[in-house]
J.: 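Okay, handing you the structure first.
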Amino acid sequence: MNRLAGRRVIVTGGARGVGAAIVRIFAAEGARVAVLDRRGEEAARLAAAVGGRAYAVDLADVAATREAMDRAITGLGGLDVLVNNAGILRFSALLDLDPAEWDEVFGVNTRAMLVTTQVAARAMIAFRTPSDDCAGKIINMAGAGGRTGGAGYAHYAASKAAVVALTQAAAHELGPHGITVNCLCPGFVRTDMGTADRTVQDIAAWSGLSPLGRLAEPEDVARTALFLASDDSDYLTGDALNVAGGLAVH
């Protein structure tokens with residue numbers, strides 16, 4: 001359908017899982033995509049397959065993140081959509097949680113999102129004159145954990161709750177420039193990070209929590225991201241959309 005024809009897109013954490021699904025679907029819909037990921041070789045292979053660009057970067061490094069964003073925007077000739085998908089998942093009992101591990105999770109899941117959003121928004125504002133048309137779209141990846149929390153991952157859940165708050169604040173500040181900011185809150189997704197180290201029993205139990213009786217596939221989340229990147233969502237901003245197969249009712 002070419003819903004993103006000509007759109008210039010950056011996807012962080014785009015080498016694997018949900019990020020890779022977003023890259024493929026966006027490219028299939030006509031977007032020109034740049035992938036930012038610390039897995040440089042995987043990102044390069046995916047970018048080559050979709051006719052995009054890849055930039056190896058550790059998003060925990062603020063200076064390197066700014067540089068990679070600038071290079072990607074220059075390579076694309078501007079920026080229309082930023083997808084902040086990169087994230088890390090760690091587990092620890094609350095009373096055993098080391099503050100250094102807390103900082104590591106927030107460094108990638110939240111601080112990097114602030115940095116990429118700042119660079120992207122400045123570029124969007126510079127390239128466009130605010131008008132009735134949407135000047136740019138920023139899509140942040142939160143998670144069901146950011147709304148409900150859970151035992152064993154206080155740092156991850158807190159970082160994702162911060163993503164929701166950052167999304168709402170950014171939507172208010174960037175709205176006058178014609179930039180929308182929304183986030184997605186996936187539930188359990190069949191990815192390396194989401195289910196690779198889980199047992200068959202774990203997956204069956206999680207599937208049973210959804211009225212649909214299954215876990216999400218990466219493409220389920222990617223198609224919702226496509227909606228947020230398209231013209232169909234031009235009047236949607238500051239929202240956190242559940243992509244959790246009904247898990248939010250529990």
J.: Does E101 have more than 12 heavy atoms from other residues, nucleotides or ligands lying within 6.0 Å of its CD?
T.: yes
J.: To check you understand the geometry: which heavy-atom pair defines the closest contact between T224 and D220, and what is its length?
T.: OG1-O, 3.1 Å
J.: Are any of the side-chain nitrogens in R3 or D231 under 4.0 Å away from the carboxylate oxygens of its partner?
T.: no
J.: Answer yes or no: does atom CD of E173 have more than 12 heavy-atom neighbours from other residues, nucleotides or ligands under 6.0 Å?
T.: no
J.: R223 versus I25: any side-chain heavy-atom pair under 4.5 Å?
T.: yes
J.: List the atom pairs, with distances to 0.1 Å, where a side-chain N or O of residues 52-64 and a protein N or O form a donor-acceptor pair under 3.5 Å, not counting sequence neighbours.
T.:
{"unit_1": "R53", "atom_1": "NE", "unit_2": "G75", "atom_2": "O", "d": "3.3"}
{"unit_1": "R53", "atom_1": "NH2", "unit_2": "G75", "atom_2": "O", "d": "3.2"}
{"unit_1": "D58", "atom_1": "OD1", "unit_2": "A60", "atom_2": "N", "d": "3.0"}
{"unit_1": "D61", "atom_1": "OD1", "unit_2": "A63", "atom_2": "N", "d": "3.1"}
{"unit_1": "D61", "atom_1": "OD1", "unit_2": "A64", "atom_2": "N", "d": "3.0"}

J.: Could you state the interatomic distance from CG (L82) to OG1 (T12), rounded to the nearest 0.5 Å?
T.: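 So the gap between those two atoms works out to 6.5 Å.
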J.: Hey, are the side chains of V119 and T117 touching, using non-hydrogen atoms and a 4.5 Å cut-off?
T.: no
J.: Could you tell me which non-hydrogen atom of A142 sits nearest to which non-hydrogen atom of V163, and how far apart they are?
T.: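 In this case the closest contact between A142 and V163 is CB-CG1, 3.9 Å.
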J.: For L241, is there any backbone N or O sitting under 3.5 Å from a side-chain donor or acceptor partner on D239?
T.: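 A pair under 3.5 Å: no.
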J.: Taking D80 as the fixed residue, which of R32, K137, R8 is the one that meets the side-chain hydrogen bond (donor to acceptor under 3.5 Å, both in side chains) rule?
T.: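 Single pass found, and it is R8.
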J.: Donor-acceptor pair, T110 side chain versus A162 backbone, under 3.5 Å?
T.: no
J.: Under 3.5 Å, is there a donor-acceptor pair between the side chain of N182 and the main chain of G238?
T.: yes
